[in-house]
There are 2 protein chains.
Amino acid sequence: MSAAATAGPLAEPPAARRRAEKNRTRERILDAAVVAFAEQGYEGTSLATVAQSVGLSQPGVLHHFRSKRGLLMAVLERRDQIDRIRFGMDSVDGRDVLDHLADLMTHNATVPGMVQSFSVLTGESAAENHTAHDHFTRRYAGLRSHFAKMLTGAQERGEIRPEADCAAAATEIIAMMDGLQLQWLHAPQEVDMVTVFRSFLDRLRADPNET
Amino acid sequence: MSAAATAGPLAEPPAARRRAEKNRTRERILDAAVVAFAEQGYEGTSLATVAQSVGLSQPGVLHHFRSKRGLLMAVLERRDQIDRIRFGMDSVDGRDVLDHLADLMTHNATVPGMVQSFSVLTGESAAENHTAHDHFTRRYAGLRSHFAKMLTGAQERGEIRPEADCAAAATEIIAMMDGLQLQWLHAPQEVDMVTVFRSFLDRLRADPNET
DNA sequence: GTCTATAAGGCGATAGAC
DNA sequence: GTCTATCGCCTTATAGAC
C-alpha cells in the first residue's frame, strides 16, 4: 500500500489534482473578468467586483494574477489561443472561405457578451497609452496577414473576383466585422449584422457566370 | 459720455464681453477634454489632468461643467453640432455622394486626435452601463437614417448600383469607417484607410458602362 | 470665476495570519 | 490558497474665501 492510500480520506490530494483545482479557479476568474470588462470596460472595472462575482476576496484574485494588468493580459492571451484554433482550422478544409467568414459572424451573433467585451477593449486600446494597445496592434497585424493569405488562396480557386486586392480585402473584412459589431451592440434589434455582412461579402465574390 | 466710459480702465467689462470670455474658457476645457479622452479614454481620464492642461484647478473645471459626466456630454454635443453642419451640407450640392464620403475619410486622416478620441469613446460606450451608451445608440440611428436617405437619392441619380439595398449600404459604410479607423489608429503607417475605403466604395458604385 | 481645503470614498497592491 | 487588515494614493464633488 502506498503512503497516500494509508493516510485515508483526510490525506492531501495528489499534486496533479491540486494543480487542476487551481487552474479551475483561474478559469472562473478569467470568465468573470470577461463579463466585467464587457459591462464596464477595463478602466471601469475594479478587481473587487471581479472577486465578488467568483466568491473570492480582492487579494484572492491577485493571488492568481499578479496585477490587474496581468489579469487583462491573461484574458487576451486566452482569446488569442481560441482564435488560433478557430482560424487555423478555417484554412484547412475545402469549403468556401467567404462562407467561413459569414459563419464566424453568425457564431459571434450568439455570444454577445464576448463580442461586447472585446469590442470595448479594442476601442479602449486605440488610446496609445492603454495597457493593451500593443497587444491589439499585433493582433490586427496578425489577422490581416492571415486573412490576406486565406483570400489569396480563395482567389486562386476562383472564389473571389480576380481583380480584387487581397491585402486590402483583408483589411476591409476585419474593419467591417469590427464596425458592424459596434453598431449591433448599440442596437441589436435594429442591426442585422449577419445579413449585412453577407451582402458585403457577396460583392467580393467572383461572378459565377464568368469562366 | 456713457457710464461705462466714465468709469475708466478699472471698470467692469460689459456683460456681453464677460460672457464671451467665459465661453472661451469653456471651449478650451472642451478641447483639452477631447485630447485627454483620446489619450486615456473617458474612464481613464481624471478631471485634474484636464484642469492642469488648461491651467485651472480641478474645481475650476467643475465650475464650467457640473460634473465629469456633464463634461463628456458637452464634448459629444459639440461634436454632433459640427457633424450636423458637415453632413447637412453634403446632401445639398450636386456632387457625387460617394466622392463626398471619400472626402470625409480623407479629412479624418488629417485629424488623428479627433478620430482617436471618438473611436475610444465609441468603444467604451458599447458597454451598456456606460454614461454615453444611449448617446451613441441615438447617434448611430441618426447616421444610418441620414446616410440611407443620401444613398437613395444617389441611387436615383444613377451613382450607385441599382440592385443595392441603401439601408444596408448605410450600415455598411458607417461600419467600414469605424472599423478602418480602429486599424489605422493601431498602425497608421501600415493601414491606408483612405485608399481601402475608396476601393470599398467603388464596389458600390454603378458601372459607368451600363445605361 | 477661480482658488484652497476638505469631505467621503474607491482603488491596486502588500503583509502576515491561518 | 484564501483570508483580514492596512497602506498610500487617487478620485469626484462640495464649502467657503477672495
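Throughout, a chain's letter reflects where its sequence line sits, starting with A, and its residues are numbered from 1. Side chains are part of it too, since the values below use all heavy atoms of this structure and drop only hydrogens, waters and symmetry mates.
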Charged N-O contact under 4.0 Å between A:R24 and A:E27: no

Sugar-phosphate, base or nothing in reach of A:T45, heavy atoms under 4.0 Å: sugar-phosphate

Closest-nucleotide 5' rank along DNA chain C - winner of B:R19 and A:R69: B:R19

Full working for salt bridge (charged side-chain N to carboxylate O under 4.0 Å, His left out) between B:D83 and B:R79: CA-CA 6 Å; B:D83 275 9; B:R79 205 273 275 262; 3.8 Å; yes

Positional range of nucleotides in DNA chain D within the contact set of chain B, heavy-atom, under 4.0 Å: D:dT11 to D:dT14

Sugar-phosphate only, base, or nothing, as touched by B:S57 at under 4.0 Å among non-hydrogen atoms: base

Protein-nucleotide distance (A:L62, atom CG; C:dA15, atom P), rounded to Å: 13 Å

Of A:P59 and A:G44, the one whose closest DNA chain C nucleotide lies more 5': A:G44

Set of residues satisfying side-chain contact (heavy atoms from CB on, under 4.5 Å) with respect to B:H64, sequence neighbours excluded: B:K22, B:T25, B:R26, B:I29

Ring centroid separation A:F118 to A:F37 under 6.0 Å: no

A:Q58 CD to C:dC11 C1', straight-line distance once rounded to whole Å: 8 Å

Distance-only donor-acceptor check, side chains A:T122 and B:H186, under 3.5 Å: no

Flag for A:Q183-B:R144: side-chain donor and acceptor within less than 3.5 Å: yes

